[in-house]
Participant: 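Here it is, the structure in full.
Heads up: numbering here begins at 1 and tracks the sequence.
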Amino acid sequence: MELIETTLFLLLAVVVSGPLARMTRIALPLVQIALGAAIVLTTGHTVDLEPDIFFLLFLPPLLFLDGWRIPKEDLFRDRAVILELALGLVVFTIVGLGLLIYWMIPEMPLAMAFALAAILSPTDPIAVQAIAARTPIPKRLMHILEGESLLNDATGLTGMRLAIAAASTGVFVLTEAVGTFAWLAFVGVATGVVVTWVIGWTKGWVSRRWGEDVGAEILISLIIPFAAYLAAEELHASGILAAVAAGVTMGFTERDGAKGQSLATTRVRRAAVWDAVQFAANGLIFVILGEQMPSILDRASEVVAGTSRPEVWWLAVYVLAIVATLAVLRFAWVWASLRLTLFRKRAKGPTPRVGLRLTAVMSLAGVRGAITLAGILTVPFVLADGTPMPARNLAIFLAAGVIIVSLVLATVALPRLLKDVELPPEPSHQREEDRGRVAAATAALRAIDDAAHAMGEGTPNPDLYSEISSRLMEFYRYRIESRTRTEDDDAEAARLADEVERALRLTGLNAERDELRRLVRAREIDSETAKKLIREVDLQELRYV
């Protein structure tokens with residue numbers, strides 16, 4: 001019963017966090033962390049954070065959804081920059097930050113310092129999205145940050161695992177470390193691809209033979225990330241990369257082949273379910289993170305007592321020094337990476353100018369989050385010989401402090417840096433959109449014309465089919481005409497006409513819905529009929545919002 005009550009409190013905190021963030025204009029993750037801490041201090045109930053369970057419950061669906069929805073063209077277009085950040089920057093951070101921690105805190109062994117640096121190196125995709133929801137970040141930059149955060153978790157967690165193994169056994173073999181990383185990465189990705197493809201092919205085969213069940217389709221989509229994660233973990237590979245690869249594969253199967261296609265009703269309802277899952281899971285992660293903070297802070301005096309500097313304020317010095325080092329290392333790597341990318345592209349033509357402020361934006365947007373805390377909590381309590389793991393509590397405290405400070409810093413500094421910053425121009429996709437609409441309308445014209453002739457052939461009233469098809473085809477002809485204007489003024493006028501039509505159609509749909517509700521209140525139509533008609537209006541409205 002206590003677990004149920006705690007879960008309800010957590011969900012309630014997620015629900016109220018949105019309005020509180022809008023009222024206070026504080027970043028949503030910080031509000032949720034504060035609410036989590038308030039629940040513990042008020043009720044005394046907390047969630048015992050089991051890292052393995054935490055990873056399994058929250059990370060697979062969220063990373064799967066990010067991989068599913070991230071624009072694939074942008075991901076592959078910027079793959080060089082993303083890989084430089086997800087692999088090179090993580091290794092650079094582990095070495096640089098690990099040496100600093102070892103020098104700054106003599107009580108922390110070198111292997112443990114590298115383990116802490118490794119788990120602090122990956123950025124958190126959930127935290128990045130939460131910050132971006134409040135601070136509008138340019139789309140291309142946001143896609144790079146999302147792609148980086150989707151991939152660097154495996155690098156950081158692998159580095160931490162190798163460092164912990166070295167701390168436990170006192171042995172580190174470079175070739176073994178490289179082989180372990182290769183196995184985690186390649187087998188993890190392959191597992192995600194295979195699991196998603198097999199489930200998608202099986203689902204498509206069943207649907208084609210016996211029809212599609214909307215509820216089952218949605219449930220299958222929820223199961224896929226967990227199946228990919230667990231299968232990869234059974235093979236001792238990266239479950240995180242398997243979940244990401246499963247999401248990317250899901251996007252390709254939905255887009256590229258009829259075998260992976262679902263009914264329109266399934267796609268609409270599935271998107272709504274996944275939006276709810278994303279909202280709840282994102283919020284719960286930060287609320288649970290907030291719940292851990294009071295107990296971590298309570299142990300601050302105990303932690304610092306075991307160091308050569310017993311004053312509590314030294315913990316704040318350590319945290320700020322680590323955050324500053326992370327920012328400097330990331331700034332240096334991002335600056336060098338962008339310069340290298342622009343140098344490679346100069347041979348192909350003029351390149352956009354990238355200023356220091358944009359580099360600073362990209363550096364500060366690399367915030368740490370719940371993955372860091374869950375990862376550091378997986379550090380074992382004892383070494384291989386049974387002695388206590390040195391500086392374990394200190395590492396946990398420092399990781400938690402870095403998470404909070406990085407979130408606060410990004411929330412405060414990013415809006416100021418982004419104000420009036422010179423950004424490379426975003427490519428316009430208007431021509432692609434117009435071309436796509438024209439091609440789709442042309443295909444619809446051919447299909448309607450062929451179907452009308454086939455349906456009307458041999459019937460006593462073929463003119464009825466011709467009349468209806470002509471009425472439908474007029475709509476598509478107007479779309480083709482409005483999207484193939486060559487003059488800029490004509491094209492702008494056509495887009496203005498689209499905006500006017502959109503506003504008027506929304507007005508009409510709202511009036512339809514209000515009248516249907518009035519009729520059901522007056523008992524002039526029954527509730528089932530009203531529900532059906534209102535749903536039709538709602539589905540039409542989806543085209544214009």
Side-chain angles (χ1 to χ4, degrees), residues 1-21 24 26-63 116 119-120 122 124-131 133 153 276-303 312 315-316 319 367-379 381 392-411:
M1 195 57 156
E2 182 178 318
L3 177 61
I4 295 175
E5 291 176 356
T6 303
T7 304
L8 292 176
F9 270 118
L10 295 177
L11 291 174
L12 180 61
V14 174
V15 170
V16 303
S17 63
L20 280 177
T24 60
I26 299 175
L28 184 60
L30 295 176
V31 172
Q32 291 166 342
I33 289 172
L35 287 173
I39 290 174
V40 175
L41 297 175
T42 303
T43 66
H45 296 164
T46 185
V47 174
D48 293 328
L49 185 56
E50 295 288 342
D52 293 338
I53 298 177
F54 180 88
F55 271 46
L56 176 61
L57 288 180
F58 291 101
L59 296 188
L62 290 175
L63 295 176
L116 177 58
I119 200 57
L120 288 173
D124 192 313
I126 302 155
V128 171
Q129 290 173 353
I131 294 294
D153 298 327
V277 169
Q278 183 181 39
F279 174 77
N282 277 345
L284 284 172
I285 282 177
F286 288 106
V287 173
I288 293 174
L289 178 60
E291 280 204 324
Q292 310 304 309
M293 288 304 166
S295 63
I296 292 174
L297 293 175
D298 284 343
R299 294 196 296 269
S301 58
E302 175 189 340
V303 166
V312 175
L315 292 176
V319 169
V367 295
R368 274 67 188 174
I371 292 176
T372 293
L373 183 64
I376 199 65
L377 288 174
T378 61
V379 174
F381 288 92
R392 182 181 187 273
N393 288 336
L394 177 59
I396 293 174
F397 180 91
L398 294 177
V402 169
I403 292 169
I404 298 296
V405 173
S406 67
L407 281 170
V408 172
L409 185 63
T411 302

Participant: For Ile404, give me all partners under side chain to side chain contact (heavy atoms under 4.5 Å, CB included), at least two apart in sequence or on another chain.
Facilitator: Ile33, Met293, Val408
Participant: Which heavy atom in Ala281 sits nearest to a heavy atom in Phe58, and how many Å separate them?
Facilitator: O-CD2, 3.9 Å
Participant: Does anything in residues 11-21 form a side chain to side chain donor-acceptor pair (under 3.5 Å)? List the pairs, not counting sequence neighbours.
Facilitator: Ser17-Gln32
Participant: Sequence neighbours left out, what passes side chain to side chain contact (heavy atoms under 4.5 Å, CB included) with Val277? Give chain and number order.
Facilitator: Leu222, Val273, Trp274
Participant: In Å, rounded to the nearest 0.5 Å, how long is the span from CG of Leu398 to CG of Leu315?
Facilitator: 7.0 Å
Participant: Atom CG in Asn393, atom CZ in Phe397: separation rounded to 0.5 Å?
Facilitator: 11.0 Å
Participant: Closest approach of Ile376 and Ala399, non-hydrogen atoms and distance?
Facilitator: CG2-CB, 4.0 Å
Participant: Checking Leu12 now: which residues fulfil side chain to side chain contact (heavy atoms under 4.5 Å, CB included) with it, not counting sequence neighbours?
Facilitator: Val16
Participant: Using atom types as modelled and distance alone, determine if a side-chain donor or acceptor of Ser406 lies under 3.5 Å from a backbone N or O of Ile403.
Facilitator: yes
Participant: Would you name the heavy atoms of Leu407 and Leu30 that are closest together and state the gap between them?
Facilitator: CB-CD2, 3.8 Å
Participant: Please evaluate residues Leu10 and Glu291 with respect to the criterion side-chain contact (heavy atoms from CB on, under 4.5 Å), reporting the C-alpha separation (whole Å), side-chain torsions for both, the decisive distance (0.1 Å), and the verdict.
Facilitator: CA-CA 10 Å; Leu10 295 177; Glu291 280 204 324; 3.7 Å; yes
Participant: Step by step, work out the side-chain contact (heavy atoms from CB on, under 4.5 Å) result for Val31 and Leu35.
Facilitator: CA-CA 6 Å; Val31 172; Leu35 287 173; 4.1 Å; yes
Participant: Tell me if a side-chain donor or acceptor on Thr42 pairs with a main-chain N or O of Ala38 at a distance below 3.5 Å.
Facilitator: yes
Participant: When rounded to the nearest 0.5 angstrom, what is the spacing between CG in Leu289 and OG1 in Thr372?
Facilitator: 9.5 Å
Participant: Measure across Ile39 and Val287 and return the closest heavy-atom pair with its distance rounded to 0.1 Å.
Facilitator: CD1-CG1, 4.3 Å
Participant: Ile285 versus Leu62: any side-chain heavy-atom pair under 4.5 Å?
Facilitator: yes
Participant: Please name all residues satisfying side chain to side chain contact (heavy atoms under 4.5 Å, CB included) with Leu56, sequence neighbours left out, ordered by chain then number.
Facilitator: Phe226, Tyr229, Leu230
